[in-house]
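Note that this is a predicted model, so its numbers are computed, not measured. In what follows, chains carry the letters A, B, and so on, assigned in the order in which the sequence lines appear, proteins first and then strands, with residues in each chain numbered from 1.
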Amino acid sequence: MFESLSGRLQSVFRKIAGYGRLSESNIAEAVREVRLALLEADVNYKVVKDFIEKVKEQAIGQETLRGVLPGQQLIKIVHEELVNLMGVSARELDLSSSPAVIMLVGLQGSGKTTTAAKLARRIKKKGRQPLLVPCDTKRAAALEQLVSLGRQLGEAVYEPGSDRDAVSIAARSVVFAEDHSLDTVILDTAGRLHIDEELMEELRAMKSRLSPREILLVADAMTGQDAVNIASAFDKALDITGAILTKLDGDTRGGAALSIKAVTGKPIKLVGIGEKIDDLELFHPDRMASRILGMGDVVTLVEKAQEAIDQEEAERLEQKMRKHGLDLEDYLNQLHSLRKMGSLESVLNMMPGLNQLKGVSLGEKELKRVEAMIQSMTPGERRNPHLLDGSRRKRVARGSGTSVQEINRLLKGFEQARKMMKRMGKFQKGMMKMGGSAWQS
Amino acid sequence: MGKGIFGRLRRGLKKTRERIASSLARVFTGRGRIDEEMLEELEATFLQADMGVKVTARLIDCVREFHKSEKGLGREGLIERLEGEVASVLGSNSASLNVSCSPPTVILVVGVNGTGKTTTIAKLAKMLQDEGKKVLLAACDTFRAAAIDQLSILAEQAGVSIVRHKHGADAAAVAYDAVEAALARGMDYLIVDTAGRLHTKVNLMEEVKKVQRVIAKKIPGAPHEVLLVLDATTGQNALQQAKMFHEALGLTGIVMAKLDGTAKGGILLAIKQELDIPIKFVGVGEGLDDLEPFVPSDFAGALFES
Ligand SMILES: Nc1nc2c(ncn2[C@@H]2O[C@H](COP(=O)(O)OP(=O)(O)OP(=O)(O)O)[C@@H](O)[C@H]2O)c(=O)[nH]1
Ligand SMILES: Nc1nc2c(ncn2[C@@H]2O[C@H](COP(=O)(O)OP(=O)(O)OP(=O)(O)O)[C@@H](O)[C@H]2O)c(=O)[nH]1
Ligand SMILES: [Mg+2]
Ligand SMILES: [Mg+2]
């Protein structure tokens with residue numbers, strides 16, 4: 001089995017974490033890993049290539065962010081670029097005419113007929129009067145399918161009679177809609193291959209006859225590399241106004257979303273998330289980016305870290321660490337930094353690798369107690385915890401409103417952390433910059 | 001083999017082959033050693049055919065090995081070697097339908113939404129009918145709007161009979177009746193259409209397992225064939241689909257529909273390599289005659305022939 005994308009990027013992250021600092025060569029390796037990850041998510045090869053170029057350009061020109069690991073920074077840039085590529089915000093349909101004609105097109109079985117019904121419901125909720133039109137005279141029971149869905153919805157379905165010509169059915173349905181004060185005409189067309197010239201011509205004819213407000217490519221979210229060929233062919237023939245991605249309720253990473261947007265420049269407007277008539281949602285590029293990337297949490301972490309961590313402080317600490325090792329004062333400072341980043345647990349959970357560390361269970365409440373304990377120590381004790389004998393521990397416990405057992409536990413944990421940090425070698429440097437959250441192991 | 005599916009496939013795959021050839025040409029001209037960047041490009045070429053990361057890695061390893069062990073191997077020789085490798089991934093025998101020694105042979109057809117199950121069933125029915133077999137269809141997709149109507153119309157076109165209940169009926173109950181009817185009427189084949197379902201939906205996977213159980217209870221050893229229909233346009237998710245359906249039902253074969261488009265269907269290699277499920281047929285159009293047996297060596301040949 002393929003590793004999940006998230007898992008893959010975690011391993012990328014771990015590798016980069018080891019670099020300590022960002023350089024052209026180690027970025028090259030990391031972006032190669034990211035490239036493979038995106039390919040696994042079914043983003044088209046060429047799209048990935050262009051995308052990587054863009055990310056590289058950006059990453060290499062940038063200074064290393066304060067308090068952020070290079071790998072995390074890279075992921076943040078990747079995420080930003082993914083969102084940029086797919087559009088920044090959700091887009092509604094343009095229905096600014098009456099009747100507004102919406103044409104649904106796409107490959108066989110992509111979900112057009114189901115989506116037509118979903119759209120009718122959505123549009124009805126916005127106070128409009130839809131008419132569903134079965135232009136698929138090809139597939140067995142295509143008409144019955146739409147009629148049955150219309151009945152389920154209680155919406156009007158155009159009755160084409162014996163007409164077998166999709167374009168003429170569509171044209172007559174618009175007249176029908178005008179006569180019956182229905183303001184939105186939804187055309188369900190037959191599935192077709194983008195290389196079927198004859199059938200593509202039929203769609204062109206339909207378009208020029210009806211000037212639809214929206215021509216939407218209905219595409220299966222599970223589509224692989226071919227998404228670029230499909231999307232560009234439909235776009236070339238019809239100058240589509242956007243796309244609807246169906247079957248996103250499965251476990252596909254949905255890289256096709258990126259491919260379609262990249263080759264057509266047209267927004268993905270809606271997504272299908274189930275077989276039921278209500279299972280249609282607006283498309284959110286940021287959510288899709290996180291889905292394709294699988295690392296939304298790291299992105300959030302970087303954002304928070306950017307605000308909270310002080311670069312000089314991290315460097316000072318790092319130097320000191322190398323010379324004298326870690327003391328309780330640093331420990332407290334780092335805990336403060338972490339506090340600024342939000343709940344400690346959430347921070348730990350956000351960090352790939354760290355969320356798997358055993359024994360990390362420092363809740364918000366515990367953190368406050370640890371803080372109180374350290375604050376009750378003298379500066380000398382903080383620098384040299386060995387000074388803390390039995391009676392001093394009692395004093396600290398009293399002063400902080402905690403118990404000697406808790407002090408013991410703190411000091412034991414701290415000692416372990418100190419040892420671990422020595423062992424962690426290179427990795428330690430990175431973690432120091434992150435705010436020392438690995439110390440609780 | 002210029003006609004039929006592999007003629008069509010070859011045309012479709014020619015571009016892939018050309019890309020591979022040109023990548024290879026660059027790998028092997030000039031410096032006479034494999035340059036990492038070139039290998040990456042080659043890797044991307046395989047990935048672009050939806051072959052997936054694992055198979056791609058395997059092929060890339062082959063390129064390295066062949067190059068190391070046989071320095072004189074030219075471009076053509078290398079393509080031949082790769083072709084052999086692909087064929088070995090796909091297996092060596094062409095798989096046909098399992099047949100029960102005591103009829104009816106029951107074929108359960110499953111897959112995610114819209115892949116081409118119902119159409120494939122009609123094609124299979126037509127094929128068997130043309131062979132003089134008595135075929136019965138079971139309309140166990142009682143969920144999707146007009147799925148029963150669709151199968152009924154197609155059954156009529158293929159000239160076979162059908163057992164159907166009302167929309168919304170219990171799929172397992174339809175299967176039960178259909179098996180009884182097949183036994184009573186001395187059918188050679190019973191082909192069971194099921195609703196499209198995503199492999200991630202536990203309740204729907206349970207439903208189709210129940211259909212299988214009901215069939216097995218009435219005829220020990222049935223269904224003799226559990227076919228997963230995949231859409232050639234699908235990317236890496238097809239592997240996940242195969243895995244989950246296999247886990248739930250024990251697949252005996254795969255049909256890949258819609259190979260008449262521009263999608264390469266390279267994921268079949270990954271599926272074969274990982275799950276070793278025989279690939280039995282390919283769909284190459286919407287017509288009832290657009291079904292062809294899958295022949296591994298031809299498929300490999302179509303990918304790499306010059
Ligand atoms: N899980 C899931 N299934 C969907 C979704 N949208 C459509 N489907 C299913 O996909 C299958 C195909 O949907 P249709 O609406 O018939 O597709 P179509 O594009 O009209 O098909 P043709 O007319 O044959 O080209 C059906 O089983 C639908 O129930 C979705 O968002 N999620
Ligand atoms: N081009 C092409 N289209 C196909 C092929 N097989 C099926 N189709 C088309 O794909 C669409 C979906 O086919 P169905 O047989 O209804 O698919 P299904 O898997 O039964 O769909 P659900 O029951 O809704 O899950 C229809 O428009 C078929 O005509 C094929 O091999 N090539
Ligand atoms: Mg349809
Ligand atoms: Mg069906």
Chain B shares the most heavy-atom pairs under 4.5 Å, among A:Thr223, A:Asp251, A:Leu193, with A:Asp251

Side chains of A:Leu132 and A:Leu149 in contact at under 4.5 Å (non-hydrogen atoms):
no

Inter- and intrachain pairs under side-chain hydrogen bond (donor to acceptor under 3.5 Å, both in side chains), touching residues 139-149 of chain B, at least two apart:
B:Arg144-B:Gln150

The complete set of side-chain hydrogen bond (donor to acceptor under 3.5 Å, both in side chains) pairs with one or both residues in residues 104-114 of chain A, sequence neighbours excluded, reads A:Gln108-B:Glu286, A:Thr113-A:Asp188

If you count heavy-atom pairs under 4.5 Å with chain A, which of B:Asp50, B:Thr234, B:Leu47, B:Thr56 comes out on top?
B:Asp50

With no hydrogens and no angle check, is any side-chain donor or acceptor of B:Ser161 less than 3.5 Å from a backbone partner on B:Leu136?
no

With chain B as the partner, which of A:Thr252, A:Asp220, A:Asp249, A:Leu39 has the greatest number of non-hydrogen pairs under 4.5 Å?
A:Asp249

Any ion pair linking A:Lys124 and A:Glu155 (charged N to carboxylate O, less than 4.0 Å)?
yes

Counting only heavy atoms closer than 4.5 Å, note whether A:Leu143 contacts chain B via side chain, backbone, both or neither.
neither

Tell me which of these, A:Gly111, A:Gly255, A:Gly224, has more heavy-atom pairs under 4.5 Å with chain B than the rest.
A:Gly224

Side chain from CB out, backbone as N, CA, C, O: work out which of these in B:His167 comes under 4.5 Å of a heavy atom of chain A, or both, or neither.
neither

Among the listed options A:His194, A:Lys138, A:Arg151, the residue most often paired with chain B at heavy-atom distances under 4.5 Å:
A:His194

Below 4.5 Å from any heavy atom of chain A, which atoms of B:Gln157 appear? Answer side chain, backbone, both or neither.
neither

Name the member of B:Ile153, B:Thr118, B:Leu275, B:Thr233 that forms the most heavy-atom pairs with chain A at distances under 4.5 Å.
B:Thr233

Which portion of A:Leu146 sits near chain B, non-hydrogen atoms under 4.5 angstrom:
neither

Salt bridge A:Glu275-A:Lys247, side-chain N to carboxylate O under 4.0 Å
no

Are any of the side-chain nitrogens in B:Asp289 or B:Lys123 under 4.0 Å away from the carboxylate oxygens of its partner?
no

